Structures are given as C-alpha cells and as structure tokens.
Amino acid sequence: MLWSLIKVILFVALIAAAAWGAGYLLETDGGIRVAVANTEFNLGPLQAVIAVLVLLVAVWLLLKIAGLLVAVLRFLNGDETAISRHFARNRERKGFQALADGMMALASGEGRLAMTKAQKAEKYLHRPELTNLITAQAAELAGDHTRAEETYKRLLADDRTRFVGVRGIMKQKLAEGDTDTALKLAEKAFALKPRHEETQDILLRLQAEHGDWAGARHTLGAKLKHGTMPRDVYRRRDAVLALTEASEVLDEDASIEAREAAIEANRLSPDLIPAAAMAARGYIDRNKPRYAARVLKKAWEVQPHPDLAAAFAEIAPEETPAERLKRFGTLTRLKPDHPETRMLMAELNLAAEDFPAARRALGDLAQADPTARSLAIMAAIERGEGADESVVRAYLTRALTASRGPQWVCDNCQSIHSHWAPVCSNCSGFDTLSWRVPAEGEVAMPGSTGMLPLIVGSPREPAADLPVPAADPLAADTDSPPEEPGTPPSPPDVAEAEIVEENSATKA
C-alpha cells in the first residue's frame, strides 16, 4: 500500500515537472536556426527539445534497420538462421535477465518472486532444463510441494536433468517419511551418479534402516572406491555390516553361515566387541577353544567389556571356581588396572567365596569411581565377611543413585541402548554406538535420599592393613559351583535398598 502511494506521488511529480519545463521553454526567448542548402528552419526552445528527441529515436531506428539489413545479407549469403537469430537476440537478453533475477531471488529466499522470474525466463528462452530447476527449488522454498514434485517429474524427461529430478523427489519423500519410496529413488540416483557423496550417504542410511546389509556393503565399497571414505573407517563399518549379517543369519538358525560371517566381521575389525564375542562363540561351536580365547584376548586388550568376559567363560562352562580363576588369569593380566578387570576379578573371587581376595581385587574402586556394579560387589563382600547389615544396606543405598558406568551410548543423540546395534533406534545414525559413560550418568533421586545413610548406616572404611593391588588369579582354591562373570554372583539385590528407603520414609 505504501509503495503504491509512493509510485503515484512520483508519477504526479514527474508530470508536474514536465509541464513546468514545457511552460518554461515556451516563455523563453530565442531559438535555434538550422540552414540546409537554401532552406532555413527556425525552431523555438520547445521545438528544439522535441527535435532532439525525434533525432535520437531516428538514430535508434536507423541502427535497428542496419542490423536487420546485415542479417538479410547474411541470409542471402547462405546463413539460414541469420534472420531468426537477429529477432531472437533481444528475447534471449530479456530471458537471461529474468533467469538471473530468478536465481538472485532464490538465493535471497524469495520463493514466489523466483517462480515468477522463472516463468518469464521460460517465455523468452524456452530452456526448461534451466527454468524448471529454478521453479522446483523456488516451489520448495515457498512450501508448494505439489508444484515442486510436478516440476521435478518434468526434469526426468531430459537425460541432462534426470539425476536432479530423481534427487529432488527423493528428498521430498524423505521429508514426508516415505522411506520405502525414498530407498528406491536413492538406488536410482546412485545408479545415475555413483560418485555423488550425498546420494551415497543417503542410500547407505536407508539400506541400514531397511536391513539391506548386502546392499549397504556394496554402497560402502563404492564410497571407498570413489574416495569418499577413508580406508580405516571403511573397514570398521564393513565389519559392522558383516556382524549384523551374522546376527540375522543366526536368528534364522543357519549356524554355519552365522559363524563364518561373525568370524569375517572380527577379522575386519578386531576391536569391535560384539563381533569378537560372536566370533568366539562361533569357534566354541566348532570346538576350537584356543581360537576363541585368542579372539577374546585381542579384543580385551583393546577394550575390556563384560560381554567378552561372558564369552570367555563359555569356553569351559563346567570348570570349578578355582579353575576359572586360574584360566581367567591369562585374560585379566592384559589390563590389570582397568576397572572392568578389577570388578571381574572381584566377582570371580566372590564365586570362589574368597572375600578377602575379592576386596583386594576391587581395591578402592567403590570409593574412587563408584558405580552401581562396584557398590553392589562391595555390598556382597561385606555380607560375605559378616559385616553388620547396616553397612551392607549403606552400599546398596549408594548404588541406587550411583552412575551405571559405561553403556552403549549414541554419539549423535546421546541416547542409551541396552544392547549394541548397528543403527541407533532414536536418531537412525549408522555405527554411532560406543561403549562409554553417558554424559548424564547419575540417576536423579528425591532430595530426601540424603538422609538414607543416617538411617541405614554408612559404608565401612577399608582396613588400612589390606593391600590394594589386583588379586593373584591363582590364589583361590575351592570346589563351589562356577558362576558366570560379568555380574556379582551372589550380591544382595539392589531392590532391597529400595525397600529400606520406603520403610525409612514411612517411619520418618
């Protein structure tokens, strides 16, 4: 509204200025005298101005006629397109100007203006491979998805713009959540341009989401071949895909193929914990315990993990606790100071009912780096040594609010998973789970829990004369039945502390 008013005011001002100029020229004395041969022309001031304007128009027309004559002469000399080019030159100039304006409008976020300029450019140029592209992107920017899809479909008719059309429709289907159609379009776009990095990434993600692990490995190989992925990252992710293939084959009860796929995954990436555990179980099924132990030791040396300890225990499931302590010594000596090793040794000594050795193995871990697991182990040690029940309950109370320790955490969205998976269930990130302590590792509890140590008792300080180094795995000698490592064999249930908390709150 304001701009329209300004334009009206400017128009009126120009008319007024022209009228004032014409009146001024009429009132001005003098003029221009032009003599040509025996003819003389006397022009007043206003007439002189009009004569100059007419002369300029005449010169412009003369130049246009001269250009047309040149085109006609070229046509007569055999250039069949000279005349058509002469008339098309002006249209091209207007068309390319409109095309440039449309691109500028698109870059500045003016979708509607960009579509208008694209229509004008198409009117002059008749170049749909250019104007349709601007129209489609402008329609997306303006929120007109129907028109954008129709324009992308028109781009499919031209070999030069087919990839752009497929890619545009694919991104629209992804935005709509239609991943099935998007996967087919991604495969088509990949076939048209296998070097396109964005298409490779989208296709790999969609194949992983749909469980097409063989196709994902093919796409991953293409990324390595075309230089869009480092070789070390390729080996790791190829191992992840091979491991997932093994898991699915195992679910289908095809044990031979599962073992082979798991062993291949471990060969591709020995530090991948699930691959190492599955490969070890494959060797155990094939009655090759030495190979299984070698795989688990190599993975333990990189990253100690409870799943590796559980698989190591399955190598000899019928052994006694003393025999298990001795055999596990070859594993625990690789990383003796690691918290996982110390808790594992404490659990093995608990299974053997050697509570002093369990305390020595755990050391000060429950005080220096308390987690729910280390505190539960400490509660089991205290109960096994005959400590007062309030001391045991105090450790269990601390376990309620302590960190759960390392877990499978997504590096993208920080969501926590109970088991490893190739794709994050929250953000669909591929190969983003890592074994680490979450950013928020502690559980938020009511403020009243601060009174619990006063109600149920405080943990007993470790005796000063007890050494802290890791226990000798050969120290225990008992014939009690074996238990699986990875969790305390007979710790008091943490739920007991919850009952204590409820009772204490009731009494209060």
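Not measured: the values here are computed from a predicted model.
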(message) Show, in sequence, the C-alpha distance, side-chain angles and deciding distance for E140 and Q172, and conclude whether the side-chain contact (heavy atoms from CB on, under 4.5 Å) test is met.
(response) CA-CA 9 Å; E140 281 187 340; Q172 281 201 316; 3.6 Å; yes
Without swapping roles, check the side chain of [X] against the backbone of [Y] for a donor-acceptor pair under 3.5 Å.
{"X": "R324", "Y": "A316", "value": "yes"}
{"X": "R147", "Y": "T135", "value": "no"}
{"X": "D369", "Y": "L365", "value": "no"}
{"X": "H226", "Y": "T228", "value": "no"}

(message) Are the side chains of V437 and T371 in contact, using a 4.5 Å heavy-atom criterion?
(response) no
(message) Any donor-acceptor pair under 3.5 Å linking the side-chain atoms of H210 with those of D180?
(response) yes
(message) Could you check whether D158 and T161, counting side-chain N and O atoms only, form a donor-acceptor pair closer than 3.5 Å?
(response) no
(request) Locate the shortest heavy-atom distance separating G215 from Q207; write the atom from each residue and the value. (result) O-OE1, 3.2 Å
(message) Could you report the tightest heavy-atom contact between A277 and L296, atom names first, then the distance?
(response) CA-CD2, 4.3 Å
(request) Starting from the C-alpha separation in whole Å, work towards a yes-or-no answer on side-chain contact (heavy atoms from CB on, under 4.5 Å) for K223 and R237. (result) CA-CA 11 Å; K223 288 181 68 66; R237 296 192 173 179; 5.9 Å; no
Does the pair [X]/[Y] count as a salt bridge with the N-to-O cut at 4.0 Å?
{"X": "R342", "Y": "D364", "value": "yes"}
{"X": "E150", "Y": "R154", "value": "no"}
{"X": "R217", "Y": "D238", "value": "yes"}
{"X": "E110", "Y": "K117", "value": "no"}

(request) Answer yes or no: does atom CG of N287 have more than 12 heavy-atom neighbours from other residues, nucleotides or ligands under 6.0 Å? (result) no
(request) Look at atom NE2 of H218 and say whether more than 12 heavy atoms of other residues, nucleotides or ligands are closer to it than 6.0 Å. (result) no
(request) Mind running salt bridge (Lys or Arg N to Asp or Glu O under 4.0 Å) on E301 and K297 for me, showing each step along the way? (result) CA-CA 6 Å; E301 194 170 6; K297 289 176 185 177; over 6 Å; no
(request) Begin with the C-alpha distance, continue with both residues' side-chain angles, and end with the deciding distance and a verdict on side-chain contact (heavy atoms from CB on, under 4.5 Å) for E198 and K193. (result) CA-CA 10 Å; E198 182 193 30; K193 278 194 176 182; over 6 Å; no
(request) Apply ring-ring contact (aromatic ring centres under 6.0 Å, His included) to the pair H338 and W300, showing each step before the final yes or no. (result) CA-CA 10 Å; H338 195 278; W300 187 274; 7.5 Å; no
